[in-house]
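To keep things clear, I will list the structure first and then write my remarks on it.
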Number of protein chains: 2
Amino acid sequence: MKPRQTRQLGAVYDVVHAAHDHPTAEEVHARVRRRMPRVSLGTVYRNLQKLATQQRLRVVHLADRTARYDGMLQEHDHFVCERCGEVTDLVRKRSAPPDCATLDRAGYGIRAHALTFYGTCPGCGKAMTHRRAPSRTRRA
Amino acid sequence: MKPRQTRQLGAVYDVVHAAHDHPTAEEVHARVRRRMPRVSLGTVYRNLQKLATQQRLRVVHLADRTARYDGMLQEHDHFVCERCGEVTDLVRKRSAPPDCATLDRAGYGIRAHALTFYGTCPGCGKAMTHRRAPSRTRRA
DNA sequence: CTTTCTGCAAACTCTTTGCACTCGT
DNA sequence: ACGAGTGCAAAGAGTTTGCAGAAAG
């Protein structure tokens, strides 16, 4: 099970990392096709999944059921414009997450925000026997 | 277009508001069926959509492409356990969002968190004064 | 050469929709 | 009775997968 460096994989990686607009899989496919017209959508999906597993890109589920792909790997948040549909990266200053007041001052009209944490709940954390308490919590 | 109070609509509403586990549409369907075996999944979807439009419930897109339905209407956040899959509501204190340190103290092991804002971007805010539904912008 | 990856198309999952009929009002 | 709502089934949209052949190592 030795991974191979294929042209398709490289192209998908390049497209996602060159993009700043959080493209969907179909958008990535279209862009890859500009240079490599025969790539299939299935291959693009397989490579996106592989890169996500390797932490070489991020999958974001924002407002609908369509996954979007993000080459920015550092911790950051998102702004979704409900009017034009654009997704903006909000780079997070150390231990100072973006807040409504700051964004408002920058010209954004915030209607709502959703904060979701991922990890292990108290019950599952207790059940972990062969591990010490999870002290390696990633912070803002 | 005068809305009607049907048995199915009421049942869907009741199920979502009685649930605390953020059920998917199929789960809502199964629960409604326990009392009303002939309701169709399509009707459940239609009523969930209607209730969401009326702001009588909330649709949340957490980790995958399956929508989950939440009867809790006040501003709050979510914790998704990556081990057992459970989704917990985190009630938000006035303009003091839950932070990693607090959750850690409560026994949660935070691996990552995602913060997403919804509203109008500076460009759109300038351009218009009235709100519009998010457009399905197709971009290549 | 061997094994992974690709292209294609079909399958799958989640959600929406057209149609004839039902049931609130 | 009128028309919004329902059940059913089929269509859509997004994503995954099986397979034969291509190509990376």
Side-chain angles (χ1 to χ4, degrees), chain A residues 1-16 22-54 56-70 85 87, chain B residues 1-16 22-54 56-70 85 87 133-140:
Chain A
M1 207 206 164
K2 174 175 49 182
R4 285 174 190 184
Q5 168 57 27
T6 62
R7 280 176 300 118
Q8 290 89 336
L9 180 64
V12 168
Y13 180 90
D14 290 346
V15 162
V16 171
H22 307 75
T24 63
E26 298 226 30
E27 286 165 350
V28 173
H29 183 218
R31 293 175 204 182
V32 170
R33 270 202 163 167
R34 295 212 275 255
R35 290 225 134 235
M36 231 189 214
R38 303 197 58 77
V39 280
S40 71
L41 182 56
T43 292
V44 168
Y45 270 110
R46 273 182 290 229
N47 284 326
L48 286 170
Q49 209 176 260
K50 179 174 302 186
L51 291 166
T53 305
Q54 298 171 350
R56 303 219 284 146
L57 60 74
R58 224 168 250 235
V59 189
V60 267
H61 293 269
L62 293 171
D64 50 25
R65 75 188 143 118
T66 312
R68 289 170 172 276
Y69 299 88
D70 191 347
V87 179
Chain B
M1 204 215 165
K2 174 174 47 181
R4 286 176 189 181
Q5 168 58 26
T6 62
R7 238 169 298 119
Q8 291 88 336
L9 180 64
V12 168
Y13 180 89
D14 290 346
V15 161
V16 172
H22 307 75
T24 63
E26 298 226 30
E27 285 165 351
V28 173
H29 183 216
R31 293 176 203 183
V32 170
R33 269 200 164 169
R34 295 211 276 254
R35 293 228 132 237
M36 231 186 202
R38 303 196 57 77
V39 278
S40 70
L41 182 56
T43 293
V44 169
Y45 270 110
R46 274 183 289 230
N47 284 324
L48 286 169
Q49 208 177 260
K50 179 175 303 184
L51 291 166
T53 305
Q54 298 171 350
R56 304 219 283 144
L57 61 75
R58 223 168 251 235
V59 189
V60 267
H61 294 268
L62 293 171
D64 50 23
R65 76 189 143 117
T66 311
R68 290 172 170 275
Y69 300 89
D70 191 346
V87 179
S135 54
R136 258 201 181 271
T137 331
R138 198 145 285 272
R139 192 180 303 135

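Only a predicted model underlies this, so the values are computations on that prediction, with no experimental measurement involved. Any value given below was found using the heavy atoms of this structure, including those in side chains, with hydrogens, waters and symmetry copies removed. In what follows, every chain begins at residue 1, and chains take the letters A, B, ... in the order their sequences are listed.
- Using a 4.5 Å cut-off on side-chain heavy atoms (C-beta onward), B/R34 and B/R31 make contact.
- The CZ atom of A/R4 sits 12.5 Å away from atom CG of A/L9, with the distance rounded to the nearest 0.5 Å.
- Nearest-nucleotide mapping onto DNA chain D: of A/R65 and B/R38, the residue sitting toward the 5' end is B/R38.
- Shortest non-hydrogen contact noted between B/V39 and B/R33 is O-NE, 3.3 Å.
- Straight-line distance from the CG atom of B/L51 to the P atom of D/dG5: 11 Å, rounded to whole Å.
- Map A/H61 and B/V39 each onto its nearest nucleotide of DNA chain D; the residue landing nearer the 5' end is B/V39.
- Using a 4.5 Å heavy-atom threshold, the side chains of B/V12 and B/L51 count as touching.
- With C/dT15, D/dC8, D/dG14 as the choices, the nucleotide that has an atom nearest any side-chain atom of A/E26 turns out to be D/dG14.
- Separation of atoms NE2 (B/H29) and CG (B/L48) is listed at 10.5 Å; rounding is to 0.5 Å.
- Contact of the B/R46 side chain with the B/Q8 side chain is not registered, since no non-hydrogen atoms from C-beta on lie closer than 4.5 Å.
- Atoms CG (B/L41) and C1' (C/dC14) sit 9 Å apart, rounded to a whole Å.
- Between the CZ atom of A/R33 and the P atom of C/dT6 there is a distance of 14 Å, rounded to whole Å.
- The CZ atom of B/R68 sits 10 Å away from the P atom of C/dC14 (whole-angstrom rounding).
- For C/dT4, the OP1/OP2 oxygens have no side-chain nitrogen or oxygen of A/K50 closer than 4.0 Å.
- Phosphate contact (OP1/OP2 of D/dA24, side-chain N/O of A/Q8, threshold under 4.0 Å): absent.
- For the OP1/OP2 pair of D/dG14 and a distance below 4.0 Å, the side-chain nitrogens and oxygens of A/T66 include at least one atom meeting the criterion.
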Fill in the blank from the handout: Scoring nucleotides 17-25 of chain C by protein non-hydrogen atoms under 4.0 Å (B base, S sugar-phosphate only, - none) yields BB----BBS
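- Between the CG atom of B/N47 and the C1' atom of D/dA4 there is a distance of 11 Å, given to the nearest Å.
- The NE2-C1' distance, from A/H29 to D/dA13, rounds to 16 Å in whole Å.
- Of all heavy-atom pairs spanning A/A25 and A/V44, the tightest one is O-CG1, 4.0 Å.
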